[in-house]
Every structure is written in C-alpha cells, then in structure tokens.
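These figures come from a predicted structure and were not determined experimentally.
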Amino acid sequence: MEQRKWINSPYTFALGMFAMMVPSQAFSSFYSYFYVEKLGLGIGLATLARTIFLIWDAVNNPLFGYWSDRTNTRFGRRRPWVFGSIPLFMLTFILVFSPPGGLSENGLFTWFLVTLVLYEAVATVLWVNYGALFPELFRGDRIRAKASAIQQGYQVVALLIATVVAPIIYTALGFSNMAIVFACVFGIFMFICMMSVKEKREPEAGEPLKLVAAFKETLKNKKFWVFNFSNSFAQTVNGLVSSIMPFYAKYVLRISEAQVSIMLAAVFISVIPLVFVWYWIIRKMDGVKAWRLSLIVYGLAVIPFWFSSNLVSGIVAGIVFGFGLAGFFVTPAIVGGRIIDEDADKTGLRREGIYTAVSGFITRSSGLISALAFFVVGMIFGYESGDNPGPDPASTFRYLMSIVPLCLLAIAVFISYTVKFDFLANKRGDHDHEQKINHQL
C-alpha cells in the first residue's frame, strides 16, 4: 500500500525534472563559457554549430514524438524510450565537456558540433517522452497547477545545484569531472522517477494517425502555435540569461567565479517560495490570464540587470528576475495541457508525444535566437572570445542581460494576445481523475 501511494505521485514524477535539469542547466549555463571563454572557440563557429544542430533538431523532434505516440509495449509508450536513453544521455553529456587536449580551432569546432548533435538528440528523446507523461498522468487545471508547482520546485533545486555548485566543482576538478558528477546524479534520479511511473492504458477512438497526417493536424491548431511561439521567445530569455550570467558577472559586476555562485544561490533560493506564490495566483484566475501575466512580469523583471554594477546590486536584480522566472516555470503547463486535452476531445486520440515534440522543437529553437543575439551584440561591441574581448565587453553583456531579454519578452506578450484561448470543455479541470489523486498532494 505504501509503495502504491508513490505510483504516479507528483513528488516522484517531479524527480525526473530534477534529474534532467541538473545536467541540462549546467550545459546551457556553461557550454558557451567553456568553449568560447575558456577554450577560445570563436562565437561565429559556436553560432554555426548551434545552427547546424537546429536543422537536425527540426527533423528528429517530430519523429521522436510520432514514434513515441505509436509505441505500444507492456511497459508503456514512454517508459521504454526513457530507460533506453538514460545511459546514452550520461555518455554524451560527459563528452561535450571532455574535448581532447591540443585541438586546433577547427578540431575543437568539430568536436563541439558532433558531441552537441549527439547530446541534443538523446536529450530530445528524454524531454519528449517525459513531457508527454505530464498531461497523461495529471488531468485538470487544478491538479496540473499543483503538480507543476511541485515539479518546478524540484526544478529550481536542480537549477541551484547546476548553476551554483557547478562553478565550485569545475574550479576544483575541471569541467570533465563536473560532467561526470552531474551525469551520475541524472542517472540515479531518472531511474527512480521512471520506476514510480505507471502509464495509463486507455482505449482510443480511432487508429493512430500517420506521420504526415499527425503533423498536419498539429499544424492546424492555431492555439498550439501561438502558445508555443510566444513561449519560445520567453524560453530564449531563460537560456540567454543562464549562458550570459558568467560573462556578466566577470565583465559587468567584476566579481570572481566563486562570487558568481553566491549570486546565483541567492537568485534560485528565492525562486523556490516564489513558485508557490505563482501557484496561489493561478488558483485566483484563469490559467491563460496567469500565463500572460507571467510573461509581462518576466519582461519587467530583467530591467534591474541594466543598473547593477557589483555583487550586492546583482543579487537584488537576480531576486527580482527570479519572480518573473518562477511565473514562467509554473504557468505554461496549465495552458499546454488544456490544448492537448482539447485535441483529444476532437480526435479521440491522446497525442501527447507529437505535441510535446513539436512544442519542444519550437521552444528549443530559442537556442538559435540566443546564439544569434550573442553573435550580433558581440560583433557590435567587438567581443570575439575570452582571448579577444574587445574594447567594451561590459556593454556587450549588459545589453545581453537586460535590453535583449526585454525586447524578446515584449514580443512574447504581443504574440500571446493574437488568438483567443477559448477551450471547449472542462474549463476548471474538475475531472474525476483529479479527485482520485488529489489526496497525494
């Protein structure tokens, strides 16, 4: 009975978010710093690598989602994919941060590109299948809000570990050993998460759609596209701020790598209670309104970075930023789940895989926007790499931490209002399923 209580519990399911975010956040926060600042790879080549990856990602994301939806085993649709990906993800993550010594710039670029493509392919399998489980296991606005708040609480702890502990580890042991430690953390917690998941076997009203038909059906869903394009600009801010933070700390705040950990700790520790403030906000208003509000707040929250000049002001700016970040962590799951539910009502098919995959491609394409912003602003102010930072690196990273994110979030808010999000049924999400599992919360 005790074991059954943890089957499909939001607490054990959230361990998967914790597991994946530890290495994923360490990657997004430090891969540019590692290759550009530490190893001297030019930002032009770094941007080219991300562009090539995006072309590959455009192909593999929908395919993995489609294959996941059509998988049918006695172990479920999603779990076999996740279990098979765990060791491959660990290996590719370690390889990204373990280039051989003595490589030329072209050799370093080749290593970065190949390991990046392999790492992102395996990461796609994990994120598509784990993400597809969320709307399947948790049905209804209120239960999704609670499960999302718990999940994002775990995510913030992972962000804290990845961004605060990572500099301590790589300073003492090197980037390769940091990757090994985080890969092991991922493997342990992802295995525990998947052992606690029991997928639901539900009869579907029709045959699974073929790939082209499934993709076309997804393309016709205007709410889905508006929602995800808006989120992609906000997601760009997540990745951009994470990857620029070490540069910003060095050139704008002029603090040591050790003090970067202090600043990031203050930011992410504050996010943990703020996640539950946003959960309270969601309970007081419609999920779509809460999502739009979070985008507006997020945009305003990047402004203080423009005025920071030392560790203390950087911490204050980071805490303000954390409030906007917390809102964006919690609110999209509510709207995304409703879009998938409405599609299931129309088609009679649960197609979490293809929706999660296409959504993942759109939001992950934000990496290209982030890389292009880095390249363009860097060229404007003359920053090329750590070996050649140019005459005004402080302005480079002040703009990238404040002005660029503000513009991106203004676009996100505008896009979010281009369609009316009226859903067909279950506006408050009072499903029987919610009543059954609410006791676990």
Partner set under ring pair (Phe, Tyr, Trp, His ring centres under 6.0 Å) for F27, not counting sequence neighbours: Y31, Y119
Checking F89, F93, F18, F191 against F186 for side-chain contact (heavy atoms from CB on, under 4.5 Å), the one that qualifies is F89
Set of residues satisfying ring pair (Phe, Tyr, Trp, His ring centres under 6.0 Å) with respect to Y279, sequence neighbours excluded: none
dist W278:CH2 -> W291:CH2 (nearest 0.5 Å) comes out at 13.0 Å
More than 12 heavy atoms from other groups under 6.0 Å of CZ on F83: yes
Shortest non-hydrogen contact from I94 toward S98: O-OG, 2.7 Å
In the structure I gave you, are the side-chain heavy atoms of Y11 and S196 within less than 4.5 Å of one another anywhere? no
Just wondering, are more than 12 heavy atoms of other shown residues or ligands nearer than 6.0 Å to CE in M195? no
Main-chain N/O of N129 paired with R79 side-chain donor or acceptor, under 3.5 Å: no
F175: what forms a ring pair (Phe, Tyr, Trp, His ring centres under 6.0 Å) with it, not counting sequence neighbours? F34, Y170
Roughly how far apart are Q25 CD and I161 CD1, rounded to 0.5 Å? 12.0 Å
Distance in Å, F109 CZ paired with L48 CG, rounded so as to fall on 0.5 Å steps: 4.0 Å
Looking only at heavy atoms, what is the nearest atom pair of F182 and I169, with distance? CE2-CD1, 3.9 Å
Any non-hydrogen side-chain atom of V117 less than 4.5 Å from a side-chain atom of V114? no
In a table with atom names and distances, give each donor-acceptor pair under 3.5 Å that connects a side chain of residues 266-274 to protein atoms at least two apart or in another chain.
residue: S270; atom: OG; partner: A266; partner atom: O; Å: 3.3
residue: S270; atom: OG; partner: V267; partner atom: O; Å: 2.5

Return the minimal non-hydrogen interatomic distance between V82 and M190, and the atom names on each side. CG1-CE, 3.8 Å
Working to the nearest 0.5 angstrom, can you tell me the gap between L408 CG and L240 CG? 7.0 Å
Hey, is the main chain of I415 close enough, under 3.5 Å, to the side chain of T418 for a donor-acceptor pair? yes
Non-hydrogen side-chain atoms of V413 and F233 separated by less than 4.5 Å: no
Side chain to side chain, Y33 and K38, heavy atoms closer than 4.5 Å: yes
Validation row: P405, Y298 side chains within 4.5 angstrom (heavy atoms): no
Would you please name every residue forming a ring pair (Phe, Tyr, Trp, His ring centres under 6.0 Å) with F381, sequence neighbours left out? Y399
Could you tell me which non-hydrogen atom of L295 sits nearest to which non-hydrogen atom of A412, and how far apart they are? CD1-O, 4.0 Å
At their closest point, which heavy atom of F305 faces which heavy atom of M401, and how far apart are they? CD1-O, 3.5 Å
In short, Q151 meets A14 closest at the heavy-atom pair CA-CB, 3.7 Å
Any non-hydrogen side-chain atom of T47 less than 4.5 Å from a side-chain atom of L372? yes
Distance-only, no hydrogens or angles: does the T110 side chain make a donor-acceptor pair with backbone N or O of N106 under 3.5 Å? yes
Aromatic rings F374 and F247: how do their planes relate, parallel, tilted or perpendicular, breaks at 30° and 60°? perpendicular
Any chance you could measure K250, atom NZ, to F397, atom CZ, to the nearest 0.5 Å? 9.0 Å
Donor-acceptor pairs under 3.5 Å, side chain of residues 312-331 to any protein atom, not counting sequence neighbours: which ones?
residue: S313; atom: OG; partner: S309; partner atom: N; Å: 2.9
residue: S313; atom: OG; partner: N310; partner atom: N; Å: 3.1
residue: S313; atom: OG; partner: N310; partner atom: O; Å: 3.2
residue: S313; atom: OG; partner: N310; partner atom: OD1; Å: 2.9
residue: T331; atom: OG1; partner: S294; partner atom: OG; Å: 3.1
residue: T331; atom: OG1; partner: G327; partner atom: O; Å: 2.9

Kindly indicate whether the side chain of L253, heavy atoms from C-beta on, has any atom under 4.5 Å from the side chain of Y248. yes
From CZ (F97) to OG1 (T115), nearest 0.5 Å: 9.5 Å
Is there side-chain contact between L116 and V96, with at least one heavy-atom pair below 4.5 Å? no
I'd like to know whether Y251 forms a side-chain contact (heavy atoms from CB on, under 4.5 Å) with R398, so could you lay out the CA-CA distance, the side-chain angles of the two residues, the decisive distance to 0.1 Å, and finally the verdict. CA-CA 9 Å; Y251 292 111; R398 197 183 294 276; over 6 Å; no
side-chain contact (heavy atoms from CB on, under 4.5 Å) evaluation trace for R78 with V197: CA-CA 10 Å; R78 323 297 181 185; V197 169; over 6 Å; no
